[in-house]
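Below is one structure; the comments refer to it alone.
Just the heavy atoms: all of them, side chains too, but no hydrogens, waters or symmetry mates, feed the values below.
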Amino acid sequence: MANLTNQPMYQKIKEDIMHQIQTKLLAPGDRLPTERQLMQHYQVSRITVSKALGELKNEGVIERYPNRGSFVSGLPTAPPLSNEARPPEETARDIGHLPEIACIMPTVRDLFSMSMMNGVLSALPPNEYICHIFQSQNPQIENYLLKRCLETDISGIVLFPQNQPFFSNELLWMNLQKYPLVLLDRYLPRLNTSYVISDNQLAGALCIRHLYELGHQRIAFFTTALRDTFSIKRRLDGILNTARSLNMPENAIPVIERMGYAHETKYNRELVNRLVRVEKITAFIAAECNTCVYLDELCASLNLDIPKDVSLVSFDSPMAATRNPDFYTHINQSEYVMGQEAGLLLRKRLEQNDMSIYRKVIPPSLKLHHSTAPAAL
């Protein structure tokens with residue numbers, strides 16, 4: 001065995017592998033242990049293992065293949081005798097040693113998600129990390145992506161979880177194995193992992209208090225999810241607790257779940273029409289920015305004016321083709337800051353092998369614009 005005393009850990013791992021190759025314990029074509037196996041054997045972080053394997057690859061000692069692993073190559077060949085100019089060092093440099101991380105989000109199409117994703121990327125510069133961006137779109141795809149990340153050399157994950165009442169087996173396994181995982185925007189009770197979230201309960205309180213101060217006594221809450229999903233439950237807690245503290249009636253805030261999914265547009269138009277014109281609802285709270293835009297479109301189709309006939313508050317800042325970006329009163333969750341904090345937590349875990357659990361709660365604020373007004377008498 002090579003003498004590995006007083007050397008950096010990545011150098012020790014590198015020399016240990018070299019020694020096994022030189023002594024024929026590993027032959028050309030043999031597969032090396034996985035990064036996870038090397039991490040467990042040497043009790044080091046994935047960053048350290050990746051650096052050792054990266055140097056071996058750069059020196060031609062091993063070959064690394066995505067989704068397959070690392071293999072012993074033949075002896076390095078002599079450089080060709082050629083007068084051809086070499087490419088610039090910046091383009092010739094091998095990036096195979098860089099750790100790869102994944103950022104999994106339900107979508108990257110809306111302004112909220114894009115801002116959050118850019119926050120994550122700001123903490124993980126491209127000269128130090130390779131960052132893969134995935135859209136999960138639904139719980140089934142999210143679980144598939146998590147499984148694929150575990151099967152490959154993904155060093156860590158920032159996950160914006162799908163809105164669902166339960167977490168998957170993949171997340172449970174990551175938790176048990178202390179896999180580098182940071183949750184973003186939502187946390188999952190009973191899952192002991194780091195997360196960065198906005199204070200959803202405070203956000204709900206801000207919404208209902210603003211509308212109450214404008215004279216609204218009948219307010220409907222809309223969500224595309226179910227009310228027992230984690231973030232929705234917290235928002236509703238803030239809304240309902242604040243309503244009780246303001247002595248609003250028990251039935252003052254009807255909750256409409258699965259908006260836009262459970263029924264066709266005709267049904268939803270009739271629902272909105274009944275709420276405003278029959279049940280005398282004077283304000284809507286939309287739990288998602290896409291729900292806010294959908295409600296605005298339904299109101300327009302019914303000749304209901306916002307905010308004259310009904311006020312509208314949104315979580316996050318919606319983007320609508322027919323509205324000025326500053327039209328909607330909305331909750332600002334500081335999504336860029338949330339993403340940046342999540343990226344920094346993952347980076348700390350990877351670079352310092354920090355196994356601590358960090359929970360950051362970012363206080364939201366209410367941005368007042370033109371979609372809310374005093375309730376009509």
Side-chain angles (χ1 to χ4, degrees), residues 10 34-36 39 44-55 57-58 64-70 90-137 141-162 170-171 174 177-187 193-197 333-354 358 360 362:
Y10 82 89
T34 66
E35 286 197 0
R36 188 171 289 109
M39 289 166 60
V44 295
S45 69
R46 191 180 292 265
I47 294 282
T48 302
V49 171
S50 294
K51 187 170 185 179
L53 296 179
E55 289 203 358
K57 181 180 184 297
N58 292 341
R64 306 186 72 189
Y65 301 97
N67 305 327
R68 290 179 55 198
S70 301
E90 291 78 12
T91 59
R93 185 182 60 180
D94 194 326
I95 62 171
H97 68 286
L98 295 180
E100 300 183 41
I101 65 103
C103 180
I104 303 175
M105 310 189 73
T107 180
V108 293
R109 295 179 179 178
D110 58 74
L111 183 62
F112 177 82
S113 299
M114 288 190 291
S115 181
M116 187 176 287
M117 180 187 68
N118 285 330
V120 173
L121 294 176
S122 73
L124 300 161
N127 62 323
E128 298 179 34
Y129 291 88
I130 297 174
C131 186
H132 303 275
I133 307 296
F134 298 106
Q135 293 186 104
S136 55
Q137 301 180 47
I141 295 178
E142 177 184 292
N143 297 340
Y144 170 79
L145 291 171
L146 291 172
K147 184 178 179 181
R148 293 294 292 136
C149 287
L150 291 173
E151 292 172 348
T152 58
D153 284 337
I154 297 298
S155 301
I157 298 173
V158 173
L159 172 67
F160 184 162
Q162 286 283 332
E170 285 75 21
L171 286 173
M174 288 179 176
Q177 297 295 318
K178 300 186 183 302
Y179 181 88
L181 171 70
V182 179
L183 299 182
L184 184 55
D185 192 53
R186 296 173 185 145
Y187 77 96
T193 190
S194 296
Y195 61 73
V196 182
I197 62 172
Q333 300 189 79
S334 301
E335 57 270 17
Y336 183 89
V337 174
M338 279 201 292
Q340 187 175 57
E341 289 287 343
L344 291 172
L345 284 183
L346 184 62
R347 184 170 182 172
K348 183 175 184 179
R349 173 72 185 276
L350 293 173
E351 295 180 4
Q352 301 178 22
N353 199 26
D354 188 343
Y358 296 93
K360 292 183 176 289
I362 309 297

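Of all heavy-atom pairs spanning Pro180 and Arg349, the tightest one is CA-NH1, 3.5 Å. Contact between Val108 and Gln135 at its shortest, heavy atoms only, is N-OE1, 3.1 Å. Between Leu98 and Pro126, the shortest heavy-atom distance links the atoms CD1-O, 3.9 Å. For the residue pair Leu124 and Gly343, the shortest heavy atom distance occurs at CD2-O, 4.0 Å.
Side-chain contact between Gln340 and Leu344 is present, with at least one heavy-atom pair separated by less than 4.5 Å. Contact of the Tyr179 side chain with the Ile157 side chain is registered, since non-hydrogen atoms from C-beta on lie closer than 4.5 Å. Using a 4.5 Å cut-off on side-chain heavy atoms (C-beta onward), Cys103 and Met116 make no contact. Residues Leu184 and Met338 meet the side-chain proximity criterion, which asks for heavy atoms closer than 4.5 Å. Here the side chains of Phe112 and Gln333 are in contact, with some heavy-atom distance below 4.5 Å.
Side-chain atoms of Ser122 come within 3.5 Å of backbone N or O of Gly119 as a donor-acceptor pair. Distance alone, capped at 3.5 Å, places no donor-acceptor pair between the Glu35 side chain and the Ser50 backbone. Arg64 places no side-chain N or O within donor-acceptor distance of the main-chain N or O of Leu53, the cut-off being under 3.5 Å. Glu142 places a side-chain N or O within donor-acceptor distance of the main-chain N or O of Gln162, the cut-off being under 3.5 Å.
Residue Tyr144 places its OH atom among 12 or fewer non-hydrogen atoms of other residues, nucleotides or ligands, all under 6.0 Å distant.
Screening residues 111-120 for side-chain hydrogen bond (donor to acceptor under 3.5 Å, both in side chains), with sequence neighbours left out, gives Asp110-Ser113.
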**Message:** Apply side chain to side chain contact (heavy atoms under 4.5 Å, CB included) to residues Arg36 and Leu150 and explain how you reach the verdict.
**Reply:** CA-CA 10 Å; Arg36 188 171 289 109; Leu150 291 173; 4.2 Å; yes
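To the nearest 0.5 Å, the span separating CD1 on Ile101 from OG on Ser155 amounts to 9.0 Å. One finds the NE2 atom of His132 at 7.5 Å from the OG1 atom of Thr152 (value rounded to the nearest 0.5 Å). Atom-to-atom distance recorded for Ile47:CD1 and Arg347:CZ is 9.0 Å, nearest 0.5 angstrom. Here the straight-line distance linking atom CG of Leu171 with atom CG of Leu159 works out to 6.0 Å at 0.5 Å rounding. Rounded to the nearest 0.5 angstrom, Gln352 CD and Lys348 NZ are separated by 6.0 Å. Put simply, CD on Glu151 and CG on Leu146 are 11.0 Å apart, with the number rounded to the nearest 0.5 Å.
Remark: Tyr187 pairs with Tyr195 by the ring-ring contact (aromatic ring centres under 6.0 Å, His included) rule, at least two apart or across chains. In this structure Thr48 satisfies the side-chain contact (heavy atoms from CB on, under 4.5 Å) test together with Met9, Tyr10, Ile13, Val44, Ser45, sequence neighbours excluded.
For the side chain to side chain contact (heavy atoms under 4.5 Å, CB included) with Val158, the lone residue among Ile104, Leu121, Val120, Leu183 that qualifies is Val120.
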